[in-house]
Amino acid sequence: MIPLLGITTQALFAQLLVGLINGAFYALLSLGLAVIFGMLNIVNFAHGALYMMGAFFAWFLLNALHIGYWPALVLAPLGVAIFGMIVERTMLTRLQGLDHIYGLLLTFGLALIIQGLFQNYFGSSGQPYPVPELLKGGANLGFMYLPNYRAWTIVFSLAVCLLTWFAIEKTRLGAVLRAATENPQLTRAFGVNVPRLITLTYGFGVGLAALAGVLAAPIYQVRPLMGADLIVVVFAVVVIGGMGSIMGSIVTGFALGLIEGLTKVFYPQAANTVVFVVMALVLLVKPAGLFGRKA
């Protein structure tokens with residue numbers, strides 16, 4: 001027990017684990033947002049709905065086609081990515097060069113349509129998704145019990161985030177993508193198909209949201225509004241880390257998950273608002289965000 005506070009060590013570490021799990025989802029979702037905004041200058045408010053679609057895609061694969069969790073980790077993000085690329089080609093491309101508010105309003109409307117359709121068909125109640133057989137059970141660490149699936153979620157999310165950062169910041173493909181964003185005319189002159197690259201990047205960004213949805217399905221129930229519960233917090237994470245900053249989204253996502261978990265231990269009443277308090281404090285000191293660059 002922690003002296004003076006009356007909190008058991010087990011309770012503290014349990015909340016830290018919850019914070020890390022939430023942070024894993026914050027990081028993956030904000031990473032997708034950062035990729036889309038940083039590379040394409042699109043404020044993608046449909047991200048939460050696409051996260052929900054990823055979870056429902058995995059649920060449909062299991063219940064209708066008897067395709068389990070491991071193939072769903074690939075198939076669900078791929079399916080949602082294809083949907084996202086169709087949206088980019090048919091809708092978002094028409095807003096190129098316009099103010100960010102137009103893209104935000106379009107994606108916000110799209111999110112409402114997607115959520116409304118799923119809610120109309122499935123209702124508001126959640127659909128269960130079982131933990132894969134390989135990841136059932138857990139390990140007794142002495143000071144706490146660590147479920148295998150939750151450990152897998154944290155490690156896998158971190159690995160995906162770091163691989164994405166490496167691909168964008170350290171590889172030739174990432175350099176071409178950044179060049180296409182900053183100077184599309186010059187990049188076209190070198191034979192790069194910029195519109196296709198933009199479409200694929202948007203698909204990749206929403207695919208990350210769908211991947212987070214598949215990871216979340218066995219932990220939370222699959223619900224039509226599961227993305228709406230997260231999207232505002234995820235946008236706060238992106239703002240704190242710096243709009244468009246890949247590493248900022250990763251670090252801030254995990255850090256805010258831990259801060260949220262600790263707040264639930266020491267001052268539960270503030271757990272739902274601590275992220276926005278942190279955002280306000282950061283913006284007062286550094287308006288571009290912790291990892292952002294001034295325009």
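FYI, the numbering just counts along the sequence from 1. Predicted, not measured: the structure shown is a model, and the values here were computed from it.
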Hydrophobic clustering (ILVMFWY, side-chain heavy atoms < 4.5 Å, transitive) - are Phe122 and Ile113 grouped together? no
ILVMFWY cluster, Leu162 and Leu20 together (side-chain gap under 4.5 Å): yes
In this structure, would Leu65 and Phe56 fall into the same cluster of hydrophobic residues linked by side-chain contacts under 4.5 Å? yes
Heavy-atom donor-acceptor pair, Thr93 side chain to Arg89 backbone, under 3.5 Å: no
For residues Gly203 and Val206, report the shortest heavy-atom separation together with the two atoms involved. O-CG2, 3.3 Å
Taking Leu117 as the starting point, is it possible to reach Met52 by hopping between hydrophobic residues whose side chains are less than 4.5 Å apart? no
Just wondering, more than 12 heavy atoms not from Arg188 lying within 6.0 Å of its CZ? yes
I'd like to know if the side chain of Tyr26 reaches the main chain of Ser249, judged simply by a donor and an acceptor atom lying under 3.5 Å from each other, with no hydrogens or angles considered. no
Pair Tyr220 and Phe25, ring centroids less than 6.0 Å apart: yes
Please answer: with hydrophobic residues joined when any side-chain heavy atoms are less than 4.5 Å apart, are Met85 and Met91 in the same cluster? no
Inter-residue atom distance Ile168.CD1 - Thr201.OG1, 0.5 Å rounding: 7.5 Å
Would you check if Leu290 and Ser245 make a side-chain contact, meaning some heavy-atom pair closer than 4.5 Å? no
Drop me the distance from Ile246's CD1 to Trp165's CH2, to the nearest 0.5 angstrom. 11.0 Å
For Lys286, salt bridge (Lys or Arg N to Asp or Glu O under 4.0 Å) partners two or more places apart: none
Within the distance-only criterion (no hydrogens, no angle test), does the side chain of Thr273 pair as donor or acceptor with the backbone N or O of Ala270 below 3.5 angstrom? yes
Looking only at heavy atoms, which two atoms of Cys161 and Leu31 are closest? And how far apart? CA-CD2, 3.6 Å
So do Asn22 and Val233 actually touch side chain to side chain, heavy atoms under 4.5 Å? no
Decide if atom CD of Gln269 counts as having more than 12 heavy atoms of other residues, nucleotides or ligands within a radius under 6.0 Å. yes
From the options Leu104, Ile101, Leu106, Thr107, select the one residue that forms a side-chain contact (heavy atoms from CB on, under 4.5 Å) with Val43. Leu104
Before we go on, tell me: are the rings of His47 and Phe235 under 6.0 Å apart, centre to centre? no
Rounded to the nearest 0.5 Å, what's the gap from OG1 on Thr252 to CD1 on Ile240? Could you check? 6.5 Å
